[in-house]
Peer 1: 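Can you read through this structure? Questions will come right after.
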Amino acid sequence: MVFSETKRYYVDRRVVERMIATGSGSFTSYFARLRSDTQGEVEQFVNAFTVNETYFYREEHQLSCLTKDLLAARLRIKSRRDAIRIWSVPCSTGEEPYSIAIWLLENWALVDDHEIEIVGSDIDTAVLEQARSGLYGKRALMRLSPSLIDKYFAQTELETWKILDDLRESVTFTQVNIMEAAETRSHGQFDVIFCRNVLIYFDDASRRIAAENLFENLAPGGFICLGHTEFMSRISPLFEVRRFADAVVYQRPIGTNADD
Amino acid sequence: MPLIRKVRDTATIASPDLLAITEMFKSGTADERWVAARAAYDIADSAKVLGEALARERDARVREAIFTSLARISTTECVELVLPFLRSDEAALRTGALDALRAMKVVVVPYLQRLLADSDSDVRLLACELARSVPADEATRRLCALLDSEHEPNVCAAAVEVLAEIGGAEALPVLARCEERFRATPFLAFSIKLVADRIRSQSPPLSV
């Protein structure tokens, strides 16, 4: 992650929050705590800097593209015996991987003909815990129709809904730093990766590394969906641009098996 | 429900050493060379091997990984290894070299002046792009110096484009002189006017 001078307030605020949370009387004492990783402070520090605001069915056009075009393209070249693997990274508090699951169940006619594995990953362990809990407030559900909410959620409190256990237990959540190849490689190859609104926080060098890691995580011919302000062609020439009716996505060329 | 969960084998694969990547680059498949290129950044003294591999490599994907590893190691040796590719006849190699150098940031700064004064106008043009990655004050000073002496309009246009993003009021007199010199080159005079207007609208007046 790169924070320019214009983001100093953002950094200052989070450092002060961590100093208060740890009872550090000065920056020097907090910095010593951070350097020695006392009580897992490095992880807490990283958690404080990640941006976790999202909601169900965000950038719905990419979900449409998934069921109208991407899965059909994948099925043309992959074995019917192999599960379709979809990766949401970073997944924040789980809205995206659960959205993918609900979307597939609601909108893909072939959903019952295939095994589908959905993995949600994030560097922030606190949001992963929230994702696993499957509890959401009203704002996170604002794009879902009342009938979808009734179908896939149970209201637990006045303003809180819990995603159904069947659905909650069908998504795997893991911690990953997409800059670390050893961590990303252990997740295997996917048919489709949703990696939205994270590369914009990286500098040029980090983007290149992340792009190469994600390239390895895509099966040849697999697709990666970025946020609407992100353009892979400005980051790396490894991927081919694919323009579909609902979205522009990036594809690992079919004839590449680099990490096999 | 068709959705499934699987437990994956998370065993890690041992990283190759310098000898192994040297061999992989020499006689490996494109996939093996990709693995070697990606592993190299974490292996001591691998820059020279990467440079030699880059000179031989024909696979665009492997080249990209080599450039990334050189950018990650980011030493003056890496800069020296990448610089010759700015003169390549292949556009993809020139772009790859430029992107890698840009990612190396401050390590490139000492080379910028030499590149901006290169006898090859294509190299000078790319060097303007490289200025984006160095501190703004330093980049502005060097681009302004270039604009005052550059005779090639396309190089000036590249410098003006970068100044549009990083330049401050100190660039305005230089832009005015350049506009005057290239009055007969309408596209350049036009872009200078646009950039100067933009800088003026964003900068406080210079104190006298």
Side-chain angles (χ1 to χ4, degrees), chain A residues 5 83-86 97-98 100-102 104-105 108 110-119 164-174 179 181-183 185-189 203-213 215-216 234-239 252-253 255-260, chain B residues 1-15 28-42 59-74 78 90-93 95-96 98-108 129-130 132-133 135-136:
Chain A
E5 190 58 32
I84 292 166
R85 303 192 73 227
I86 300 174
Y98 289 135
I100 294 166
I102 294 172
L104 290 177
L105 292 169
W108 195 37
L110 301 177
V111 73
D112 289 319
D113 298 344
H114 298 273
E115 285 191 334
I116 303 159
E117 185 186 358
I118 299 172
V119 180
L164 294 186
D165 283 349
D166 271 357
L167 196 55
R168 194 167 60 82
E169 288 164 5
S170 66
V171 176
T172 307
F173 289 100
T174 65
M179 292 294 295
E183 294 184 25
R185 281 177 187 149
S186 67
H187 285 74
Q189 290 190 322
D203 65 6
D204 286 347
S206 306
R207 278 192 201 110
R208 290 173 69 99
I209 297 162
E212 287 179 12
N213 288 341
F215 180 87
E216 288 186 353
R234 288 184 192 166
I235 299 170
S236 168
L238 292 171
F239 303 83
R252 174 174 169 162
T256 54
N257 287 290
D259 57 334
D260 294 343
Chain B
M1 190 171 285
L3 306 178
I4 58 159
R5 288 176 76 160
K6 280 188 178 170
V7 177
R8 298 193 67 79
D9 176 12
T10 56
T12 52
I13 301 162
S15 298
T29 63
D31 293 348
E32 287 165 342
R33 299 196 305 277
W34 162 272
V35 171
R38 295 222 65 210
Y41 86 92
D42 208 18
D59 185 302
R61 180 169 48 101
V62 181
R63 280 178 185 167
E64 181 65 12
I66 293 174
F67 276 131
T68 300
S69 270
L70 286 167
R72 292 181 88 171
I73 299 168
S74 201
C78 295
E90 262 187 76
L93 261 180
T95 308
L98 180 66
D99 288 343
L101 290 168
R102 202 159 37 199
M104 293 188 207
K105 292 188 173 169
V106 290
V107 190
V108 174
E129 276 298 311
L130 206 51
R132 287 181 199 273
S133 59

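Residue numbers begin at 1 in each chain, while the letters A, B, ... track the order of the sequences.
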Peer 1: In terms of heavy-atom proximity below 4.5 Å to chain A, should B:Tyr41 be classed as side chain, backbone, both, or neither?
Peer 2: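 Neither part.
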Peer 1: Measuring heavy-atom distances to chain A, does B:Asp99 have an atom under 4.5 Å in its side chain, in its backbone, in both, or in neither?
Peer 2: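 When you check distances to chain A, atoms from both the backbone and side chain of B:Asp99 fall under 4.5 Å.
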Peer 1: Is A:Val171 close to chain B through its backbone or its side chain, or both, or neither, when contacts mean heavy atoms under 4.5 Å?
Peer 2: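 A:Val171 touches chain B through backbone heavy atoms alone.
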Peer 1: If you count every heavy atom of other residues, nucleotides or ligands that lies below 6.0 Å from B:Arg132 atom CZ, does the total exceed 12?
Peer 2: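 Result for CZ/B:Arg132: enclosed.
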Peer 1: So how far is it from B:Leu3 CG to A:Leu167 CG, rounded to the nearest 0.5 Å?
Peer 2: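 So the CG of B:Leu3 and the CG of A:Leu167 are separated by 6.5 Å.
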Peer 1: Between chain B and each of A:Asn213, A:Val119, A:Thr174, count heavy-atom pairs under 4.5 Å; write down the option with the most.
Peer 2: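 Result: the option with the highest number of such pairs is A:Asn213.
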Peer 1: Per the side chain to side chain contact (heavy atoms under 4.5 Å, CB included) rule, which among B:Arg61, B:Arg38, B:Glu64 passes with A:Phe215?
Peer 2: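 Testing A:Phe215 for a side chain to side chain contact (heavy atoms under 4.5 Å, CB included) against B:Arg61, B:Arg38, B:Glu64 leaves exactly one candidate, B:Arg61.
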Peer 1: Can you tell which part of A:Ile209 gets under 4.5 Å to a heavy atom of chain B, answering side chain, backbone, both or neither?
Peer 2: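 Contact with chain B involves both backbone and side-chain atoms of A:Ile209.
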Peer 1: Taking every non-hydrogen pair under 4.5 Å, which of A:Glu169, A:Arg207, A:Glu212, A:Glu115 racks up the most with chain B?
Peer 2: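 Heavy-atom pairs under 4.5 Å are most numerous for A:Glu212.
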Peer 1: May I ask you to say whether A:Asp203 pairs ionically with B:Lys105, meaning some side-chain N is under 4.0 Å from a carboxylate O?
Peer 2: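 A salt bridge links A:Asp203 with B:Lys105.
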Peer 1: Does any backbone or side-chain atom of B:Arg72 lie under 4.5 Å from a heavy atom of chain A? Answer side chain, backbone, both or neither.
Peer 2: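 Side chain only.
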Peer 1: Measure distances from A:Glu183 to the heavy atoms of chain B and classify the residue's part below 4.5 Å as side chain, backbone, both or neither.
Peer 2: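 Neither part.
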Peer 1: Using non-hydrogen atoms only, which part of A:Asp113 is less than 4.5 Å away from chain B: side chain, backbone, both, or neither?
Peer 2: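 The answer is neither part of A:Asp113.
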